[in-house]
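One structure below.
Side chains are part of it too, since the values below use all heavy atoms of this structure and drop only hydrogens, waters and symmetry mates. The sequence lines fix the lettering, A, B, ..., with proteins before strands; numbering per chain opens at 1.
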There are 2 protein chains.
Amino acid sequence: MVSRYSRGMNEERGRGGRPRSEQARTAVLQAVDDLLLEVGYAAMTMKGIAERAGVGRQTVYRWWSTKAEILFEASVADAEEELAIGPAGAPLDDLTAYLEALVRFLAHSPAGAAYRALLAAAQQDSAVAELLASKDVLGDSARGVVERVVRQEAASIPVDLATALLIGPPFFWILSGRDPSGLAARELAEAFMDGLHARKAR
Amino acid sequence: MVSRYSRGMNEERGRGGRPRSEQARTAVLQAVDDLLLEVGYAAMTMKGIAERAGVGRQTVYRWWSTKAEILFEASVADAEEELAIGPAGAPLDDLTAYLEALVRFLAHSPAGAAYRALLAAAQQDSAVAELLASKDVLGDSARGVVERVVRQEAASIPVDLATALLIGPPFFWILSGRDPSGLAARELAEAFMDGLHARKAR
DNA sequence: CACATTCGAGGCATGGTGTCTCGATATAGT
DNA sequence: ACTATATCGAGACACCATGCCTCGAATGTG
């Protein structure tokens with residue numbers, strides 16, 4: 001479910017009227033960030049968010065329909081930043097750096113916790129699923145690395161497939177509750193490169 | 001959180017007392033199965049389960065702590081059955097058959113919907129996480145195929161890693177909301193085999 | 001027959017939901 | 001300045017699920 005008003009801070013309003021309070025907006029996003037760490041997603045309530053932010057309940061409902069929406073807005077920027085990895089030189093180093101960032105994000109970062117909570121909610125709530133589909137954080141983050149490596153290795157493979165091959169294993173490992181310390185980014189990177197080379201030879 | 005009593009239908013009780021009703025137990029499990037399809041996991045309530053099963057609320061709470069526990073008990077058997085794939089002959093055919101079953105399970109099967117709901121709940125509830133950890137449905141289902149293929153191909157790779165390499169890509173694809181019809185089981189199987197061969201050569 | 005335990009049913013306090021109303025406040029158009 | 005409009009924080013409201021408790025009835029064991 002998209003916010004009933006679905007316009008950001010700087011979009012047009014009907015003429016006149018008190019402008020939306022930037023302070024209230026920021027306080028709500030911050031409250032969600034805090035509460036996610038303090039009580040977790042399941043125990044986070046719209047009521048609690050409003051109280052924590054020092055904001056009226058209607059003010060929250062006016063701009064967001066669900067806690068998923070708020071959490072999404074509050075964590076997307078952090079997620080993108082944590083997953084952005086500059087070119088590292090050799091493809092293997094490039095992939096390793098990305099996979100390390102990915103594991104750190106999924107298993108240890110607050111923004112990653114938010115992403116996992118949203119992904120979980122999306123399995124049962126199509127509104128949240130659409131929200132996540134509107135911004136493919138993981139896919140986008142991998143695309144740069146994948147395209148760079150595929151080009152350098154002159155492999156022919158659809159980017160979407162390569163992305164799933166790269167992200168999938170650590171994604172499954174962590175989401176299924178396996179110990180992230182048992183994950184070797186370099187080993188995963190090598191496995192990915194192996195697959196690319198073999199595909200080229202075939 | 002494990003059921004406070006944590007004993008099955010045929011375990012010892014203190015001596016005497018009315019025996020647990022098999023009819024009530026079955027009705028509850030069936031109600032959860034039905035409700036998952038009719039209203040989804042999020043909208044499923046302990047109260048609704050009891051009413052649907054024609055059972056007292058306390059009777060539900062006596063044997064299960066949460067709806068996750070009930071759903072787990074109600075769907076594990078179906079999940080195992082759907083994911084059990086007999087040897088198909090050639091390793092590539094073996095892998096393809098398994099991956100087809102996996103995609104069918106995750107994307108289209110009611111038992112798969114239950115699994116996805118539980119996996120989602122586990123991201124926010126450590127009790128559910130322990131429940132899932134106690135029975136690694138996906139990992140166990142893949143182990144047979146993986147061990148068979150690794151042995152036949154004489155590859156040296158830890159089974160856990162190979163399992164993640166095999167399950168991960170379709171798992172990520174589906175859980176992240178991508179269209180499962182865009183998944184080619186044979187292509188995924190080939191990619192897995194490619195990685196195995198390259199690893200052998202390295 | 002006494003005892004233990006379950007059964008279905010439903011009462012209860014607690015707490016979150018989402019809507020509504022209130023008076024106050026801030027901006028745009030006249 | 002004045003009016004129209006939309007926001008603000010605060011909280012009342014009806015509704016519903018939770019999880020515990022109690023009841024009388026049912027069903028087993030020693």
Point to revise | B:E80 bridged to B:K135 by N-O distance under 4.0 Å | key: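 Yes, charged N to carboxylate O under 4.0 Å.
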Review point. Charged N to carboxylate O under 4.0 angstrom, A:E190 versus B:R199?
Key: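 Judged by the 4.0 Å cut-off on N to carboxylate O distance, A:E190 and B:R199 do not form a salt bridge.
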Nearest to the side chain of [X], heavy atoms from C-beta on, is which of [options]?
X	options	result
B:Q58	C:dT17, D:dG9, D:dC21	D:dC21
B:T45	D:dA12, D:dA10, D:dA17	D:dA17
B:M46	C:dA9, D:dT18, D:dA10	D:dT18
B:R18	D:dA25, C:dA26, D:dG9	D:dA25
A:Y61	D:dC8, C:dT19, C:dG16	C:dT19

Any [X] side-chain N or O less than 4.0 Å from OP1/OP2 of [N]:
X	N	answer
B:S21	C:dT6	no
B:W63	C:dC7	yes
B:R62	C:dC7	yes
B:W64	D:dG19	no

Rounded to the nearest angstrom, tell me the gap between atom [atom1] in [X] and atom [atom2] in [N].
X	N	atom1	atom2	answer
B:E69	D:dG19	CD	P	12 Å
A:E22	C:dT27	CD	P	13 Å
A:K47	C:dT19	NZ	P	16 Å
A:R25	D:dG9	CZ	C1'	19 Å
A:R20	D:dG9	CZ	P	11 Å

Check your understanding: When we call it a touch if two heavy atoms are under 4.0 Å apart, what does B:A24 touch: a base, just sugar-phosphate, or nothing?
Key ->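 Counting heavy atoms under 4.0 Å across all strands, the contact made by B:A24 is with sugar-phosphate only.
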Review point. Does the side chain of B:V76 come within less than 4.5 Å of B:Y115's, by heavy atoms?
Key: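 SC-SC contact between B:Y115 and B:V76 ruled out.
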Review point. Do A:V159 and A:E147 come close enough that some side-chain heavy atom pair is under 4.5 Å?
Key: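 In contact.
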Point to revise | Quiz item: A:R57 side-chain donor-acceptor pair to D:dG9 base, under 3.5 Å | key: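 Side chain to base: no pair below 3.5 Å.
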**Study point:** Closest-nucleotide ordering on DNA chain C, the 5'-leading residue of A:M44 and B:G54
**Key:**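 Residue closer to the 5' terminus by nearest nucleotide: B:G54.
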Review point. More than 12 heavy atoms of other residues, nucleotides or ligands under 6.0 Å from CD of B:Q23: is that the case?
Key: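 Incorrect, the count does not exceed 12.
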